[in-house]
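Everything quoted here is computed from the prediction, not taken from an experiment. Chain A is the first sequence line, chain B the second, and so forth, proteins listed ahead of strands; every chain is numbered from 1.
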Number of protein chains: 2
Amino acid sequence: MELDDTDREILRILQEDARTPFSEVARRIDMSSATVHDRVNRMQEAGVIEGYHAKVDPREVGFGISAIVGLRVEQGREQDTLDRLSAVEGVQEIHLTTGEWDVMARVYAEDADALRELMFEEVAQMDGFARSQTMVVLGTEHETEELPV
Amino acid sequence: MELDDTDREILRILQEDARTPFSEVARRIDMSSATVHDRVNRMQEAGVIEGYHAKVDPREVGFGISAIVGLRVEQGREQDTLDRLSAVEGVQEIHLTTGEWDVMARVYAEDADALRELMFEEVAQMDGFARSQTMVVLGTEHETEELPV
DNA sequence: GCCGTCACCGACGAATCGACGGAGCGATTC
DNA sequence: GAATCGCTCCGTCGATTCGTCGGTGACGGC
C-alpha cells in the first residue's frame with residue numbers, strides 16, 4: 001500500500017497516542033474527521049496499522065526483572081523448539097537471527113529467582129535446546145514504540 | 001499501586017485493543033462505564049498505564065530489515081555514548097545488560113545497505129564506541145505487546 | 001463531452017466521553 | 001450504637017465523538 005504524507009502524519013499521531021479522537025487528529029492535520037476515518041480504515045485493512053495497545057509498566061504488574069536471551073537450538077527441529085518456547089509464560093519476543101545465536105528472546109520474570117527457574121526449569125529443559133546465554137537487563141535507556149514514519 | 005482482579009481485567013482488554021470503548025470494557029467486566037473510567041484514570045495517574053500506541057507494520061513503512069546489536073562501550077563514558085546512540089534514527093530500544101555486551105540495541109533500517117551504513121557510519125563512529133556484533137533478524141516467531149497480567 | 005475513479009467533506013442519529021454527586025458499606029472512633 | 005471516614009461503584013447529563021452515507025469537485029481516459 002502506498003502511503004502519502006497525510007497517512008504518515010496520521011500514523012505519527014496514533015503511534016504516539018492511539019486514543020486520540022479522530023476529530024482531534026483531523027484538527028491537527030487540517031482535514032475532516034470523515035477523511036481521517038476513511039484513511040485509518042484503509043490502513044487497518046491493508047495491515048499498515050496492526051492494532052492498538054495499552055503500554056503497561058512491567059514493574060507495576062510484578063515483573064521486576066527482564067533479560068535478553070541468546071539460544072542455540074538443535075538443527076532440524078527448530079520449529080518444534082520455537083513453538084514450545086512461544087508457549088512459555090514470560091517470553092515476550094522470539095527472533096530468529098544470524099550470528100552467534102540462532103534465536104534471541106526477550107523474557108520477563110518476577111524476580112531473579114523466577115528468572116532462574118524460567119531459564120533452568122523451562123527453557124533449558126526443552127527438547128531441541130542446545131545452550132543459551134542470558135543477558136539480564138539492568139536498565140532501559142531508551143525505548144519507543146514509534147517508528148520514524 | 002495495588003491492582004485487583006478488576007484492574008487486571010481492564011488491563012488485559014486495553015493491552016489487546018487500546019481503542020475499545022470504555023462502555024464496551026464495562027459490559028465485558030460487568031460494571032458501569034463510570035467505574036471503568038475511574039479505574040483507568042487511576043492507573044494512568046499511577047503510571048501503571050504508560051500510554052496507548054498504534055502498532056505499525058515496519059515493512060509497510062519502509063523498514064525492510066531489523067537487527068539486534070550487542071555493543072561494548074568505553075568505561076567512564078557510558079552515558080555520553082548512550083545519549084548519542086539514542087539520537088540515531090532507527091534505534092528503537094537500548095538496554096544496559098550484564099554478560100557479553102554492555103548494551104543491547106534493536107535497530108530498524110530500510111534494507112541491508114542502510115543497515116550497514118547505520119552501523120558503520122553512525123554507530124561505529126560514535127565517541128566511546130568499542131566494538132559491536134550485529135545479529136540480523138531473519139524473522140520474528142512470536143512478538144506480543146501484552147504482558148500476562 | 002461523458003464517464004469512472006478518487007479524495008474529501010457535510011451532515012446526522014447513535015453512541016461515547018468525562019465529570020459530578022451521591023448511594024452503599026465496612027472499619028474506626030467516640 | 002451513632003457518627004464519621006474512606007472506598008468503590010453507579011446514575012445522570014451535556015458535550016463530544018463515532019461511524020456512515022450521499023454528494024461534490026478534480027482528474028484522466030476515451
Looking at B/D80 and B/R84, is there a salt bridge between them, counting it only when a charged N and a carboxylate O are closer than 4.0 Å? yes
Take the protein atom CZ of B/R39 and the nucleotide atom P of C/dA19, then report the distance between them rounded to whole Å. 18 Å
CG of A/L3 versus C1' of C/dA7: gap in Å, rounded? 15 Å
A/R59 CZ: over 12 foreign heavy atoms closer than 6.0 Å: no
Nucleotide C/dC8, atom C1' - distance to NE2 of A/H37 in whole Å: 15 Å
What is the distance, to the nearest angstrom, from the CG atom on A/D5 to the C1' atom on C/dC8? 17 Å
Here the distance between atom C1' of D/dT20 and atom CG of A/D38, to the nearest Å, is 10 Å
Please check if the number of heavy atoms outside B/D30 that lie under 6.0 Å from its CG is greater than 12. no
Keeping the roles fixed (side chain from A/E78, backbone from A/G76), state whether a donor-acceptor pair exists under 3.5 Å. yes
For A/D7 and C/dC8, what is the distance between atoms CG and P respectively, to the nearest whole Å? 8 Å
Which residue, B/D4 or A/A34, contacts DNA chain D at a nucleotide closer to its 5' end, judged by nearest heavy atom? B/D4
Please state how far atom CZ in A/R42 lies from atom C1' in C/dC8, giving the value in whole angstrom units. 11 Å
Counting only heavy atoms not in B/E117, do more than 12 fall under 6.0 Å of its CD? no
So what does A/N41 hit on the nucleic acid, given a heavy-atom distance under 4.0 Å: a base, only sugar-phosphate, or nothing? nothing
Would you check if the side chain of B/D7 reaches a backbone N or O of B/D4 as a donor-acceptor pair within less than 3.5 Å? yes
For DNA chain C, which residues in residues 14-33 of chain B have a heavy atom at a distance below 4.0 Å? B/P21, B/F22, B/S23, B/R27
Would you indicate, yes or no, if D/dT8 has its OP1 or OP2 atom less than 4.0 angstrom from a side-chain nitrogen or oxygen of B/T35? no
